[in-house]
Amino acid sequence: MSTEPSTSESDTEPEASDFLRDQIRADLTADTYAGRVKTRFPPEPNGYLHIGHAMSICLNFGLAQEFGGECNLRFDDTNPEAESDEFVQAIIEDVAWLGFESSDTVYFASDYFDQMYSWAEDLINKGLAYVDDTDPETMSEMRGGFTTPGTNSPFRERSVEENLDLFRRMKAGEFADGERVLRAKIDMNHENMQMRDPVMYRIRNTPHHRTGDTWAIYPNYDWAHGQEDAIEGVTHSICTLEFDNNRELYDWYQNNIDLPFEKPNQYEFARLNLTHVVTSKRKLAQLVEDGVVNGWDDAAMPTIRGLRRRGYPAKSIREFCSHIGVAKTNSVREIELLESFVRNDLNDDAVRRSGVLRPLKVVIENYPEDQVEMLNAANHPNDDSMGTRQVPFTRELYIEQEDFEEVPPPKYFRLTVGREVRLRYGYFITATDVVKDAEGNVIEVRATYDPETGGGQAPDGRKVKSTIHWVSASEAVDATVVLYDRLFTAEHPSADGADPFDSLNPQAKEILEGAKLEPSMAEITQGEVVQFERLGYFAHDLDTPMLFHRTVGLRDEWARLQKSKGGNNQNQQNQKKNNQKK
RNA sequence: UGGUCGGUAGUUCAAUUGGUGGAACGCCAGGUUUUGAUCCUGGAGGUCGUGGGUUCGAUCCCCACCCGACCAACCA
């Protein structure tokens with residue numbers, strides 16, 4: 001990409017450098033793992049993947065690709081209560097859609113339950129784990145706080161034999177949920193709260209989506225995760241920042257059992273947060289439950305499936321993630337940045353089409369009544385290889401309502417009575433008169449065209465200020481188009497413990513039923529994204545034909561001009577608001 | 001309250017491990033343009049959280065303070 005004279009490797013991008021890549025390179029040169037690099041993406045199958053997960057996916061799979069290693073898609077299915085096979089399938093699909101066809105196999109923590117169990121008995125035998133009968137509330141109190149020490153459980157000194165017996169009976173399903181747990185015996189005064197005798201197993205008489213009812217006890221995250229990593233031969237276990245306190249426990253467990261591989265190491269990076277969205281599973285679920293959206297795959301949702309339906313290219317999401325890179329600082333990225341990546345890709349790849357969202361009829365009085373003329377239109381203004389298509393021109397057309405003003409505001413270049421504009425790929429027309437309804441609304445524009453301007457050029461060289469899009473009234477196909485605005489008006493919907501639903505944007509979705517599209521749109525495949533010229537990028541819905549979602553709009557200088565003119569004090573208000581928040 | 005990580009352009013983040021700082025997005029201006037799009041060129045914009053200290057010299061080192069994020073589930 002760059003033409004800079006590089007030292008030796010002429011054509012390769014300078015390799016990215018960050019704390020993770022540096023670590024991996026260091027491990028490679030020190031031969032820590034015999035040259036192996038193995039990562040994993042370990043979702044719990046209890047919900048759908050969202051944009052926040054994309055970062056972790058791109059990171060883990062990307063790192064593996066970069067260093068010639070492997071990345072396992074592994075389901076951390078250690079809690080049967082909220083998990084299901086439906087989520088497993090959805091996650092597999094979403095990861096694949098993002099472009100990371102996870103090898104051949106998919107891994108499950110539940111496949112290691114036997115191994116984990118036997119390691120747990122080892123720990124009991126070493127006197128490093130015990131069965132505790134304390135109830136949850138008491139146990140929480142006894143754990144102490146950040147500044148207060150914990151107190152030992154009265155069951156902490158049970159004999160190995162008793163522990164083994166009780167643990168086996170837990171496994172056999174002899175006890176009710178919550179009656180007992182297996183705890184690691186570490187240190188109730190440890191400054192790291194995670195190390196105060198953490199729970200390893202709890203009783204759950206709940207069927208598991210893969211193991212059915214063969215287990216009555218299930219391992220907790222900390223007891224499971226490192227062991228899963230070790231079993232799979234993971235070398236670099238990358239998780240988000242809030243797990244940094246768990247790393248000590250991750251290490252403790254692995255150091256106290258017999259590992260099949262070299263010990264993996266845990267590294268933490270900052271999760272991806274975006275402005276104007278929520279990514280908490282609970283909040284997302286509430287959007288679905290409250291009927292704000294039509295489901296987890298609604299095009300307004302920040303889920304991977306939602307973004308996909310909305311028309312976001314997987315490539316853009318990947319580029320966005322790699323642009324941001326990995327850091328150890330928590331941050332919130334602007335949703336606009338993601339959108340700019342989407343716009344960039346779509347600008348190159350999306351075919352151009354004509355569509356009128358809010359139709360206004362134009363009758364060209366000097367154009368023959370029954371004539372249908374096929375005009376040539378380029379599919380992409382900057383890329384001839386994308387070809388052309390034909391669009392029909394007729395006496396009656398639709399143009400965008402906002403492209404005509406009876407009393408034009410200053411700097412308005414578009415159509416008004418007495419002014420000439422160009423119809424894209426077509427003729428110059430001049431508005432001559434309007435027809436109004438009883439309330440005085442303009443419902444039709446009368447116009448004349450200049451037959452000499454076919455193809456959009458005037459032989460006398462005269463110019464017009466504006467080119468507008470249009471669609472033939474008789475030849476158009478009908479469509480429904482959904483426009484999207486921010487789901488939450490607040491930049492940080494959950495900041496300071498705020499309820500994001502207080503800033504829910506009632507105008508997040510605008511459904512336009514009567515859109516008119518050029519006839520070639522009838523052949524657009526579902527899921528395809530096109531640019532409606534001057535309006536933005538629109539994705540043909542995955543399920544419903546002739547339903548389009550606006551992926552993202554075009555940059556619009558005119559709209560900006562108008563906003564800054566009329567919205568000056570609104571901007572100030574927003575600024576005030578933001579300042580107050582700070 | 002204990003611990004961890006931070007406070008750098010309008011915004012979100014980089015870099016510099018002592019010699020006055022970059023990118024992206026946004027913004028502004030000009031050029032090209034049959035999308036007020038794209039593309040191209042240029043520009044504005046930072047007392048590098050506050051106060052001390054060390055030093056010839058600090059955004060970078062030391063100390064104190066202020067502010068923010070995260071962590072105390074039989075969730076992950």
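The structure displayed is predicted, hence computed values, not measured ones. FYI, side chains are in, hydrogens and waters are out, and symmetry mates aren't considered; it's all heavy atoms of this structure. Naming convention: chains lettered A, B, ... in sequence-line order (proteins, then strands); numbering from 1 in each chain.
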Complementary nucleotide of B/rG30, counting Watson-Crick and G-U pairs under 3.5 Å:
B/rC40
Describe the nucleic acid contact of A/Y412 in one word from base, sugar-phosphate, nothing, applying a heavy-atom distance below 4.0 Å.
base
Please pick, from B/rU1, B/rA14, B/rU12, the nucleotide with the shortest atom-to-atom distance to any side-chain atom of A/E334.
B/rU12
With heavy atoms under 4.0 Å as the rule, sort A/R143 into base, sugar-phosphate or nothing.
sugar-phosphate
A/D132 near the nucleic acid: base, sugar-phosphate alone, or nothing, with a heavy-atom cut-off under 4.0 Å?
nothing
May A/Y221 be described as stacking on the base of B/rA76, applying a 5.5 Å centroid limit and a 30° limit on plane angle?
no
Nearest heavy-atom neighbours spanning A/A184 and A/Y130
O-CE2, 3.9 Å
Would you say a side-chain N or O of A/R560 is under 4.0 Å from OP1 or OP2 of B/rC27?
yes
Choose from B/rC71, B/rC25, B/rU35 the nucleotide whose nearest atom is closest to any side-chain atom of A/S340.
B/rC25
From CG of A/N192 across to C1' of B/rC70 the rounded distance in Å is 13 Å
Can A/F413 be said to stack with the base of B/rG36, given centres closer than 5.5 angstrom and planes under 30 degrees apart?
yes
Donor-acceptor pair (no angle test) under 3.5 Å: A/E336 side chain, B/rU11 base:
no
Does A/R169 count as lying over the ring of A/F175, i.e. NZ or CZ under 6.0 Å from the six-ring centre, within 45 degrees of the axis?
no
Sub-6.0 Å ring centroid separation between A/Y221 and A/Y250
no
I want to know whether A/Y449 and A/Y427 have ring centres closer than 6.0 Å.
yes
Would you say the side chain of A/R555 and the base of B/rU38 hold a donor-acceptor pair, judged only by whether the two atoms sit under 3.5 Å apart?
no
Would you check, one step at a time, whether the test side-chain hydrogen bond (donor to acceptor under 3.5 Å, both in side chains) holds for A/R352 with A/H380?
CA-CA 6 Å; A/R352 310 291 131 123; A/H380 193 113; 3.3 Å; yes
Hey, is the side chain of A/R202 poking within less than 4.0 Å of OP1 or OP2 on B/rC75, counting only N and O atoms?
yes
Tell whether A/R414 reaches the base of B/rG36 with its side chain through a donor-acceptor pair below 3.5 angstrom.
yes
Near-parallel close stack of A/F146 and B/rC71 base (under 5.5 Å, under 30°):
yes
Separation of B/rA76 C1' from A/Y218 OH (nearest whole Å)
16 Å
Just to be sure I understand the rule, does A/Q457 reach a base, reach only the sugar-phosphate, or reach nothing, if contact means heavy atoms closer than 4.0 Å?
base
